[in-house]
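Chain A is the first sequence line, chain B the second, and so forth, proteins listed ahead of strands; every chain is numbered from 1.
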Protein chains: 2
Amino acid sequence: MLLLWLLNRYGLFMNRPMRTRRGATLASLAAELGVSRTTVSNAYNRPDQLSPELRRRVLETARRLGYPGPDPVARSLRTRKAGAVGLLLTENLSYAFRDPAAVGVLEGLALACEDAGVGLHLVPASPGREEVAAVHRAGVDGFVVYSVPDDDPHLAAVLSRPVPTVIVDQPRLDGVDRVSPDDETAIVSVADHVAGLGHRQIGVLCMRLGRDRNDGFASVDRQQRAHYHVQRTRLAALARTFEAVGVDWNTVPVVERFDHTVDDGATAARQLLDTYPRVTAIICTSDILALGALAEAGRRGLRVPADLTITGFDGIAEASRAGLTTVHQPVLEKGRAAGRLLLSASDRVKPEVITLPTELRVGTTSAPPRTAEEQWFGP
Amino acid sequence: MLLLWLLNRYGLFMNRPMRTRRGATLASLAAELGVSRTTVSNAYNRPDQLSPELRRRVLETARRLGYPGPDPVARSLRTRKAGAVGLLLTENLSYAFRDPAAVGVLEGLALACEDAGVGLHLVPASPGREEVAAVHRAGVDGFVVYSVPDDDPHLAAVLSRPVPTVIVDQPRLDGVDRVSPDDETAIVSVADHVAGLGHRQIGVLCMRLGRDRNDGFASVDRQQRAHYHVQRTRLAALARTFEAVGVDWNTVPVVERFDHTVDDGATAARQLLDTYPRVTAIICTSDILALGALAEAGRRGLRVPADLTITGFDGIAEASRAGLTTVHQPVLEKGRAAGRLLLSASDRVKPEVITLPTELRVGTTSAPPRTAEEQWFGP
DNA sequence: GTGAAAGCGCTAACAC
DNA sequence: GTGTTAGCGCTTTCAC
């Protein structure tokens, strides 16, 4: 039994006349049964189109011949439906799977796909790899693109394909569906909160601003030229808000990190505090970085928020556990909305942009700065 | 420009004579250029087969006509290569993405796929859904099946497809490639450790034993009939080890949980301790459950390991952070090995089984039991 | 270096 | 309820 199965599996077991040594096809099944291909096809796809008895015979013969049912690729070619959604994620997977915000999006997207009964095809695309062939090779009905830089070659490849595309977060492209939080409002709410507390000596920790690695301070020029729309927007909004309360943005240190881990957040905070020890608040463009900053503050014996205010962005579970002041965005919903949008794309004609709500969550890591006197003499 | 692009995108923009309103094809491109289809195909797939000049012309015309390159599905049909690996995961994705062990496997698999430049196709298959159509619809070159019950219908569907399959962890099927840790040895090392410390009043927390929900005590019969090979093996090995030191396994409470979360581990521990307060050690078949048990112990004011020994299984990062005594298994390697095995499947003929090493890691959650006197009068 | 012929395996009209 | 016809869009010998 097992032997037969193996032989059959490896295509060595052919009990039907055939030129090649491959398995049975719908045509060969039809021939064996003495019916037309249509009938066999119907047995699988439209059970109501043929008598139960005939259907039983077809399926039974199929089993006997080891016919595994209609070939999905051939069917896709014919029906012009791949039954899968592509996900483009230009990030190390090892990282993507560890970032709760990314996992949330992935999960939401997967849920939407599951609801629709379509597969989720992860396109292999590491950050370094310029190879976009994988995008062209993916047999999918559409793509979800998650947070890539403006000039990502994979994104260009995706857009060149004649299938609907939904971008999550970034970049912002006219004519392309998008799902993203109201980034501007969100970051402004944090900035207002921090500025409102009275902080004027601030520092910023941000994520990668370009496809090139720059682990260190980011000049205003670099900030403005950032290839990542989200970071660019957040920094610009911060600049505007603090300029409005009299802070010269040119004097505000912004530390960039290529990788996005808690450790990187910690080293970024260290770099910031080593050079600018008088900073009273660190605004981070992500919770992950903020958690790192929190760790570094602890290491230096700085009390948060008494000595230092730290804020994040995203509202991941770890952040609320740590009591981080942050902006929450519904990441799972983001992914799910993207999936739904994509799967309903054929119904629409005009590009749609879904903006998700965000919410400032004041935790225990933000407070008014100590006065200069307090700083030197204690409260 | 944008308008043109949009029109083209939605197939309304046809500058070529065509019956349908769909985009250009390789054939239409060839016609336009006055060359054969072969030449156009070569321009994409075998650049060395035609003059650079001609190739340039082809690509240039393609761009002009908005031809997105060879259709991946048609190509797959012709080449009999889908360029994707299917992943069958009969578990709520929301859970799968939260379980570090599962994420590790996923990540390793994704890495292997990335190395090979093939996509990873997540098959939509929730636990409840009996719908196996998605398996048949997936255009993939093979499947990786991650930890499903013996009688999973999706698994049956996968095996009916004429593509190679690699099973990770469970079930154990003759003739099918598999990658799994040495479960037996691993759990015995924990059991020996606990038994060696002198524990005789033990309790066990285990994961789902069948596709039916049974949140509560699991009879020996149920243990032995478990549809999940891994759990069955682990429980059997525990039974054997403790019987060997004089414990009657019939008296050992085993609490089962359908869902696999820290909270479930906590409620399971509560149920166990409420009914069997004299238990001195809780052996858990996963770190997640053990972390829950740890939390519950804290809630009850039980000191670990002074009052209660707790052990886990998997060696996830959270476990080492908590100092949990556990068995570590290389989850990332497991996924990567599965991917490599699958992608090299055509080279082999005989089924291969890869067994990964495990390692007992004694932490700070295991110690000898207090004597009866100590229990009542303190140390 | 280029082209002609021959399908890959299937489904959707439409006719019977 | 069942069969006939006509491709879906592509690659791949093999000839020229």
Subject >> Partners meeting salt bridge (charged side-chain N to carboxylate O under 4.0 Å, His left out) with B:Glu131 (sequence neighbours left out) >> reply: none
**OP:** Could I get the full list of ring pair (Phe, Tyr, Trp, His ring centres under 6.0 Å) partners for A:Phe97, not counting sequence neighbours?
**Re:** none
Original post:
In B/S/- notation, 5' to 3', how is nucleotides 10-16 of chain C contacted by protein heavy atoms closer than 4.0 Å?
Top reply: BBBB---
Subject >> Qualifying salt bridge (Lys or Arg N to Asp or Glu O under 4.0 Å) pairs with a residue from residues 83-97 of chain A, counting only residues at least two apart or across chains >> reply: A:Glu91-A:Arg208
**OP:** Indicate, with a heavy-atom threshold strictly under 4.0 Å, whether B:Leu77 touches base, sugar-phosphate, or nothing.
**Re:** base
**OP:** Could you tell me which residues satisfy salt bridge (charged side-chain N to carboxylate O under 4.0 Å, His left out) with A:Arg55, sequence neighbours excluded, listed by chain and number?
**Re:** none
**OP:** Grab the CZ-P distance between B:Arg161 and C:dG9 for me, whole Å please.
**Re:** 14 Å
Original post:
Taking only side-chain nitrogens and oxygens of B:Thr39, does any of them come within less than 4.0 Å of OP1 or OP2 of C:dG3?
Top reply: yes
Subject >> Residues within residues 52-60 of chain A bordering DNA chain D, heavy-atom distance below 4.0 Å >> reply: A:Leu54
Original post:
What residues form a salt bridge (charged side-chain N to carboxylate O under 4.0 Å, His left out) with B:Glu352, not counting sequence neighbours?
Top reply: B:Arg348
**OP:** Determine the contact category for B:Val35: base if any of its heavy atoms lies under 4.0 Å from a base atom, sugar-phosphate if only primed atoms, P, OP1 or OP2 are that close, otherwise nothing.
**Re:** sugar-phosphate
Original post:
Just by modelled atom types, is the B:Ile354 backbone N or O under 3.5 Å from a matching donor or acceptor in the B:Arg178 side chain?
Top reply: no
Original post:
Under the 3.5 angstrom rule, does the side chain of A:Thr39 hit a backbone N or O of A:Val35 as a donor-acceptor pair?
Top reply: no
Strictly under 3.5 Å: I want the nitrogen or oxygen pairs between protein and nucleotides 14-16 of chain D, one per line.
none

Subject >> Under 3.5 Å: donor-acceptor pair, side chain of B:Asp150, backbone of B:Pro171 >> reply: no
Original post:
Counting only N and O atoms by type, is there a donor-acceptor contact under 3.5 Å from the side chain of A:Asn92 to the main-chain atoms of A:Tyr95?
Top reply: no
**OP:** Let me know the distance between OH of B:Tyr44 and P of D:dT12, rounded to the nearest Å.
**Re:** 16 Å
Subject >> Residues which pass side-chain contact (heavy atoms from CB on, under 4.5 Å) with A:Thr61, listed by chain and number, not counting sequence neighbours >> reply: A:Leu29, A:Glu32, A:Leu33, A:Arg64, A:Leu65
Original post:
CG of B:Leu29 versus P of D:dT11: gap in Å, rounded?
Top reply: 12 Å
Subject >> Selection residues 107-117 of chain A - residue pairs positive for salt bridge (Lys or Arg N to Asp or Glu O under 4.0 Å), sequence neighbours left out >> reply: A:Glu107-B:Arg98
Subject >> Euclidean distance, atom CG of residue A:Leu33 to atom C1' of D:dG3 [Å, nearest integer] >> reply: 14 Å
Original post:
Under 4.0 Å between a Lys/Arg side-chain N and an Asp/Glu carboxylate O for B:Asp169 and B:Lys334?
Top reply: yes
**OP:** Could you check how far CZ of B:Arg137 sits from C1' of C:dG9, rounded to whole Å?
**Re:** 17 Å
Original post:
Salt bridge between A:Glu60 and A:Arg63, side-chain N to carboxylate O under 4.0 Å?
Top reply: yes
**OP:** Please report, rounded to the nearest Å, how far the P atom of D:dG7 is from the CZ atom of A:Arg80.
**Re:** 14 Å
Subject >> Axial bend angle, the helix from C:dG1-D:dC16 to C:dC16-D:dG1: five-pair end segments, nearest 10° >> reply: 20°
Subject >> B:Arg56: partners by salt bridge (charged side-chain N to carboxylate O under 4.0 Å, His left out), with sequence neighbours left out >> reply: B:Glu53
